[in-house]
2 protein chains.
Amino acid sequence: MNKNTSENLRIIPLGGLGEVGRNMMLLEYEESILIIDMGFRMPEEDMPGIDFIIPNISYLKGKEKNILGIVFTHGHYDHIGAVPYLIASLGNPPMFASPLAKGIILKRQTDFTLQPKLDVQEVKDGDRISLGPFTVEFFRQNHNIPDNLGLFITTPIGNILHTSDYKFDDHPVNDLPTNFEKLREFGKRRILLLLTESTGAEEQGHSLSEKTIQENLGELFKSVQGRIIAATFSSLLNRIQQLITLSEEHGRRVVIEGFSMKTNVELAKTLGYLKVKKGTIINSKEIGSYPDSKITILCTGAQGEGRASLMRIATREHRFVRLKKGDTVIFSSSVIPGNERTVQILKDEILRQGCTVFHYKMMDIHAGGHAQKEELQQMNDILKPQFVMPIHGQYSMLVANREVAKSSGIPEKNVIVTENGHIVDITAKKFTIEKNLVPTNYIMVDGLGVGDVGEVVLRDRQTLSKDGMFVIVAVVDRQTGKIKGSPDIISRGFVYLRENKTLLFETRKKVIKIVNEAIGSDGAVNWVYVKDEIRNKVGQFLFSKTERRPMILPVVIEV
Amino acid sequence: MNKNTSENLRIIPLGGLGEVGRNMMLLEYEESILIIDMGFRMPEEDMPGIDFIIPNISYLKGKEKNILGIVFTHGHYDHIGAVPYLIASLGNPPMFASPLAKGIILKRQTDFTLQPKLDVQEVKDGDRISLGPFTVEFFRQNHNIPDNLGLFITTPIGNILHTSDYKFDDHPVNDLPTNFEKLREFGKRRILLLLTESTGAEEQGHSLSEKTIQENLGELFKSVQGRIIAATFSSLLNRIQQLITLSEEHGRRVVIEGFSMKTNVELAKTLGYLKVKKGTIINSKEIGSYPDSKITILCTGAQGEGRASLMRIATREHRFVRLKKGDTVIFSSSVIPGNERTVQILKDEILRQGCTVFHYKMMDIHAGGHAQKEELQQMNDILKPQFVMPIHGQYSMLVANREVAKSSGIPEKNVIVTENGHIVDITAKKFTIEKNLVPTNYIMVDGLGVGDVGEVVLRDRQTLSKDGMFVIVAVVDRQTGKIKGSPDIISRGFVYLRENKTLLFETRKKVIKIVNEAIGSDGAVNWVYVKDEIRNKVGQFLFSKTERRPMILPVVIEV
């Protein structure tokens, strides 16, 4: 490991490189540490029961006093979601966020008890703050949430530009178009390193403008006679604005459904980020007072989430809203990889009830929030950085972004493709990557537990989910070493016990035999050995009968 | 329910309508039953441990003698896979299949013991068989497996045409192009009902020709210097042929990896469906004897399956093959919905090792086997059926296929959109649908068990997978009704017990208190009540401490 001398800066991604979400990065110069973002991500499919995954901050242990502050790019949970779990153990450093991001951070914090009072300072487009050896200049970038900020950071070794998540949009909704003038000005200041987001780097061309989406949604609003039920992400505030505005234009009242949707709309309205006319939003109980053609239901659940509004509406579990023939359901969102099956099931259920469905594969009624190849290239061309480091994305996206940089004429040797936990040691002239120095393994949040679910617990859950479990309780007479009565068997998730009495009978016989034969010549019994025997022999027996491998847990009680 | 009089025919889909896979359909006229296909499907994500889902055949119970036979369209598992599980209970009726489908059915049967000897008769393009009131004329249809047959069925009420899975391809690989002449001839014979496949009905335009795929793969073979590792479905015999032929053209030896790939290649070679030059296929141990530019590795695992070859190669668990810089990995397959995450993880792992990756989103190196909107419409136009019934697909696909039929000028009232378990009662003039008369619930195969995993077992598995389980064993003195010693606790998948000693200590205290307070005024103990109390109170306690809900299983032993 190079020493952190005054010629070099260390860039340490703790999350977000090689994955989507959990964005968190450190800039370390001498003793000073600046943190950018602190997000969570969703668990993989083989992590049942896990709520979120947050960054591992063990690298920062003992260095709390070196933390100058945390700057946030925007208010999406993959950039702010880990705050309540981590902020206290980092010594509650000062935070810097746009008004909306600040609002979301503070609102979320109220869901957690025993938290320190947060120190969040508001920053806006054009603001500049000094933090030790760094100055950070914030500039607005279009994304699909308002108040998204890119970072221009001066450091003793040169200037670094962090794009944040962004897209170029000449006709955004609820937002000013990209300030290319400003970007060009940054480009003139000589950028040593561009941290460039990669989420859209595998997509050809230019992202769709929100104007196109607005026009297409407008066509739908024009043609639909019945109710419109529009589902989208609750964090997609710009889309929510579009749907509210279109509803107002067509004289439709809007019902907001879903807890997170309601919360976000309320917050954004309060902070002035959503323009809603008085009387537009009505309570779901009032639906009946308006004709179908005058109702829009705006809800969560476009990913087919089981407990979200749209699924509850579709499965007739919603308290006030039922689907009916003539309803038009609009999925104004993409499908997050891994959710394809649940979205399909939801769509089918809606169609079965005679509704019409529109989704992004049928027409452009959703645009992602991320720069695609063309925009990424344009950004490179404007900024002309010496080094480029792709951030935010699966490894394949980082690699795709490297190819974009090469197509912008940046030499491959100047592109830094690296992942969480590696240290990029960079000077004004060169960089080196030191691999796997910083622990970045998943820290899993499960209920109130943070980091207490590890490999063992997770593996047990997977095993239990596949073939269930089989507990055998044998009561043994301490005097004779013989089993008393018949062993108790408790099994779940394996076979339906009532229909498998013979199997249970034979298993009990086997257990009795194993225990009764276990007394050594000296009368002593090795219970560890007996339990192993039960586990192995019963396991083999059950597998031979069923080709399933339940988790076998023997309990021997001496009385 | 209408009686089955000689004016009407009953069409009963037991599987494949409203889902992808598990295709099985009955045509019932008076007492006679003709079965078309008998496939399985893969389980949903919320069915841990389940291997396959097969059709429910309880409708056929008691009617075994009425079964005239089973006709198979082609050898894919979603059309033949349920045979070993169901054939014996149907009284082992005669089966009719193309030579390749027959070969696959018989080969698979050898994996099952205690099976009756199957009676499979070979049928080919142009063959006609008579089965009771039905005659079935087989005609070839392009798909992505050779020897795929559509069915022209004459019945006493009119002619029915079953498309099988198909696409129109003027330049297929390893197969003759579509025989439009024949289709036009069928069209002239007056078709009462067209059973039209729907898997591709949501896709615009025309499916890609295998010729395009061949050309694009050809470009890759021309430009790649190092080894080519090509992953595809083991059932995609036409693609396998393309990859073998291209390898031969470029002087590459071919290593076949993956059990199912090896089996299928062997079978198809034997039956003459794969053309392979002598010496082309080599053993994986011989890889080292050839330069990298002369090696193609053809393997399974394009869906990211954990135990398939490509994953084992990527994770360095394969016995002979390791990835190295310079390798090119081709994913010549689409991603089955639900597999996106695992494919992403696999792709990333391959890229990390410095290999180049090509997949179908980057260029056309995979074509599906299913007719898209344009082809479906063309089929309608050629056949001019009176009634159309979309088959094979999710409900959204059936609905999309209805729209296609309407665009072919078929009146909506003549389109039969229905699902598994409904009975379509059709005469020469009209049809009615009788809903939910036939049980078609999932029959799950798990190891050796067929249908023994039901809702309860599945729900237990889901619960166990989320928060694990917590067994409490309390030994109670029969005389005093008091607990003896400290209750045993066995927990898995909940928390890591060693790090939660306080939690366990407090739980034990709670259990002791509950048991000891349970003696009624008359000295009797209601153990059911005590167990409920333990379950509820310990459940609440653990939830308050962890916000997790493990399955709690109290065991009380009186001694």
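Quick note on labels: first sequence line is chain A, next is B, and so on, each numbered from 1.
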Which of B:Gly447, B:Gly493, B:Gly49 touches chain A most, by non-hydrogen pairs under 4.5 Å: B:Gly493
Atom pair CD/CD of B:Glu45 and A:Glu45 - distance to nearest 0.5 Å: 5.5 Å
Residues forming a salt bridge (Lys or Arg N to Asp or Glu O under 4.0 Å) with A:Arg548, sequence neighbours excluded: B:Asp446, B:Asp452
Option from A:Glu340, A:Glu44, A:Glu19 for which salt bridge (charged side-chain N to carboxylate O under 4.0 Å, His left out) with B:Arg341 holds: A:Glu44
Top contributor to chain A contacts, counting heavy-atom pairs under 4.5 Å, from B:Gln204, B:Glu547, B:Lys361: B:Glu547
Which of A:Glu499, A:Lys347, A:Gln344 touches chain B most, by non-hydrogen pairs under 4.5 Å: A:Gln344
A:Glu349 versus chain B, the contacting section by heavy-atom distance below 4.5 Å: neither
A:Met469 and B:Met469: CA distance, side-chain angles, deciding distance, side-chain contact (heavy atoms from CB on, under 4.5 Å) verdict: CA-CA 9 Å; A:Met469 53 93 168; B:Met469 52 91 166; 4.2 Å; yes
Chain B contact via A:Thr546 - side chain, backbone, both or neither, heavy atoms under 4.5 Å: backbone
Interface residues of residues 549-559 of chain B facing chain A - heavy atom cut-off under 4.5 Å: B:Met551, B:Leu553, B:Val555, B:Ile557, B:Val559
N-O pairing of B:Glu419 and A:Arg352 below 4.0 Å: yes
Closest contact, heavy atoms only, B:Phe494 versus A:Val453: O-CG2, 4.5 Å
Contact listing (chain A partner; residues 482-490 of chain B; heavy atom under 4.5 Å): B:Asp488, B:Ile490
Among B:Leu458, B:Asp467, B:Val399, residue most engaged with chain A (heavy-atom pairs, under 4.5 Å): B:Asp467
Which atoms of B:Thr418 approach chain A - backbone, side chain, both or neither, heavy atom under 4.5 Å: neither
Partner residues of A:Asp460 under the side chain to side chain donor-acceptor pair (under 3.5 Å) criterion, sequence neighbours left out: none
Approximate separation, where rounding is to 0.5 Å, of A:Asp348 CG and B:Leu398 CG: 8.0 Å
Segment of A:Lys545 engaging chain B (4.5 angstrom heavy-atom cut-off): backbone
Portion of A:Ile345 that has a non-hydrogen atom of chain B nearer than 4.5 angstrom: side chain
Shortest non-hydrogen contact from B:Val457 toward A:Tyr496: CG2-N, 3.8 Å
When A:Ile350, A:Leu464, A:Val417 are compared by non-hydrogen pairs under 4.5 Å with chain B, the top option: A:Leu464
Among B:Gln462, B:Lys466, B:Arg459, residue most engaged with chain A (heavy-atom pairs, under 4.5 Å): B:Lys466
Part of B:Val495 lying under 4.5 Å from any heavy atom of chain A: both
Nearest heavy-atom neighbours spanning B:Pro48 and A:Ser465: CB-O, 3.1 Å
Atom pair OG (A:Ser396) and NE2 (B:His359), whose distance is rounded to the nearest 0.5 Å: 6.5 Å
